[in-house]
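Counting from 1, the numbers follow the sequence of the chain as shown. The shown structure was predicted, so the numbers you read here are calculated from the model rather than taken from an experiment.
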Amino acid sequence: VLKPSVDLLSSQNSDIDILSFKLDYVLPLSKTLSFESGAKMSFVSTSNVAEMLGYMTQSDNFAYDENIYAAYVNGRAKINKTSLQLGLRAENTVSRGVSHAMGTSNDKQYLKLFPSLFVQQELSEQQTLGVRYSYRIGRPRYSNLNPFIWMLDPYTYNQGNPDLAPQFTHAASVNHNYKSMFMSSVAFNYTTDLF
């Protein structure tokens, strides 16, 4: 049995503009103690124009803007054979996604703190032991936020979710180094709000 052919013509155009500013300051307090701080601002503006003609005709212009304001403080110290680094970063994110064809708008704003800790101990001239911890953020890709239904064939389509939130990960590890030749590590990651 011959099945009828299906024609679909699609086009997609994406523009991404990124503007960022960064300022860092380092204050050495002594040979074994230093203090760092800084700030960063980034502004992202994207426009995704999609058009489909054929068995399914539709078009959309998805605009997404994301502004991130971040500041951090960091301290480093070396006490005898122990190196220590402690940091804290604050991020305030403001975003807005607008689908013109679907008439939807999604606004988000959140402020989060991200601590980090690193300790390294010299066990001998040939061995070191290190412990790390950090709290991280992972943001969805812009295409994952676009609610436009992108047809791949008559039975398959992709569609983003504008309500996706960022995911957050606690990352910890213990590392051992012997003679800078043999390295071993045990790591643990715990992620919440996985997208």
Side-chain angles (χ1 to χ4, degrees), residues 14 16-46 64 66-95 108-146 152 158 160-195:
S14 296
I16 301 175
D17 295 317
I18 301 173
L19 179 64
S20 66
F21 303 94
K22 186 177 180 184
L23 178 66
D24 293 306
Y25 176 72
V26 178
L27 175 64
L29 300 172
S30 70
K31 288 183 179 179
T32 59
L33 186 63
S34 67
F35 174 79
E36 302 172 11
S37 65
K40 182 178 180 180
M41 294 184 297
S42 63
F43 307 95
V44 178
S45 181
T46 70
Y64 182 77
E66 181 178 72
N67 300 337
I68 301 172
Y69 309 91
Y72 78 92
V73 291
N74 198 26
R76 298 174 193 260
K78 174 111 185 205
I79 305 164
N80 297 324
K81 295 185 176 183
T82 304
S83 298
L84 176 68
Q85 180 178 325
L86 185 63
L88 182 64
R89 188 176 85 254
E91 280 192 15
N92 183 44
T93 303
V94 179
S95 66
K108 292 188 181 86
Q109 190 276 328
Y110 48 92
L111 173 66
K112 290 287 185 181
L113 297 176
F114 301 96
S116 63
L117 170 68
F118 169 71
V119 180
Q120 181 170 294
Q121 179 68 43
E122 292 179 30
L123 303 176
S124 68
E125 289 185 5
Q126 301 176 336
Q127 293 187 77
T128 59
L129 183 67
V131 176
R132 291 180 182 267
Y133 166 78
S134 64
Y135 186 49
R136 305 172 186 165
I137 185 172
R139 294 180 174 86
R141 293 182 308 184
Y142 306 134
S143 59
N144 291 343
L145 298 168
N146 189 343
L152 302 174
N158 286 335
N161 181 357
D163 292 321
L164 280 179
Q167 64 187 26
F168 299 94
T169 301
H170 295 275
S173 66
V174 177
N175 308 291
H176 180 260
N177 187 325
Y178 180 68
K179 291 187 175 181
S180 296
M181 292 175 54
F182 302 102
M183 291 168 267
S184 58
S185 176
V186 176
F188 174 80
N189 288 349
Y190 175 70
T191 301
T192 59
D193 300 322
L194 188 69
F195 54 76

Y64: ring-ring contact (aromatic ring centres under 6.0 Å, His included) partners, not counting sequence neighbours: Y142
Can you tell me how far [atom2] of [Y] sits from [atom1] of [X], rounded to the nearest 0.5 angstrom?
X	Y	atom1	atom2	value
F35	Y25	CZ	OH	8.5 Å
L29	S34	CG	OG	7.0 Å
S116	N74	OG	CG	6.0 Å
R141	T46	CZ	OG1	13.5 Å
N67	S42	CG	OG	7.5 Å
N92	I68	CG	CD1	10.0 Å

S95 versus R139, side-chain donor and acceptor atoms under 3.5 Å: no
D17 and S45 side chains, donor-acceptor separation under 3.5 Å: no
Intermediate values then yes/no, side chain to side chain contact (heavy atoms under 4.5 Å, CB included), L113 and Y135: CA-CA 8 Å; L113 297 176; Y135 186 49; over 6 Å; no
Residues S184, F182; criterion side chain to side chain contact (heavy atoms under 4.5 Å, CB included); working and verdict: CA-CA 7 Å; S184 58; F182 302 102; over 6 Å; no
Of all pairs that satisfy side-chain hydrogen bond (donor to acceptor under 3.5 Å, both in side chains), the ones with a partner from residues 164-173, not counting sequence neighbours: Y133-H170, T169-T191
Salt bridge (charged side-chain N to carboxylate O under 4.0 Å, His left out) pairs, two or more places apart, involving residues 176-187: none
Taking all non-hydrogen atoms of both residues into account, name the closest pair between [X] and [Y] and its distance.
X	Y	answer
L33	A77	CD1-CB, 3.7 Å
E36	V26	CG-CG2, 4.0 Å
L164	N144	CD1-O, 3.6 Å
S180	N177	N-OD1, 2.9 Å
N189	A172	OD1-N, 4.2 Å
D193	P166	CB-O, 3.5 Å

By side chain to side chain donor-acceptor pair (under 3.5 Å) - contacts of D163 (at least two apart): N106
By side chain to side chain donor-acceptor pair (under 3.5 Å) - contacts of N158 (at least two apart): none
Audit row: L129, V174, side chain to side chain contact (heavy atoms under 4.5 Å, CB included) steps and yes/no: CA-CA 7 Å; L129 183 67; V174 177; 4.0 Å; yes
[X], [atom1]: over 12 other non-hydrogen atoms inside 6.0 angstrom:
X	atom1	result
N80	CG	no
Q109	CD	yes
K40	NZ	no
R132	CZ	no

Within 45° cone and under 6.0 Å: K112 NZ/CZ vs F168 ring: yes
Test: K81 and E125 ion pair at under 4.0 Å: no
Should [X] and [Y] count as side-chain neighbours, where that means a heavy-atom distance under 4.5 Å?
X	Y	result
Y178	Q126	yes
Y110	I137	yes
F188	V186	no

Do any side-chain atoms of residues 82-90 form donor-acceptor pairs under 3.5 angstrom with protein atoms, and if so which ones, sequence neighbours left out?
{"from": "T82", "atom 1": "OG1", "to": "Q121", "atom 2": "OE1", "distance (Å)": "2.4"}
{"from": "Q85", "atom 1": "OE1", "to": "R76", "atom 2": "NH1", "distance (Å)": "2.9"}
{"from": "R89", "atom 1": "NE", "to": "E91", "atom 2": "OE2", "distance (Å)": "3.0"}
{"from": "R89", "atom 1": "NH2", "to": "E91", "atom 2": "OE2", "distance (Å)": "3.2"}

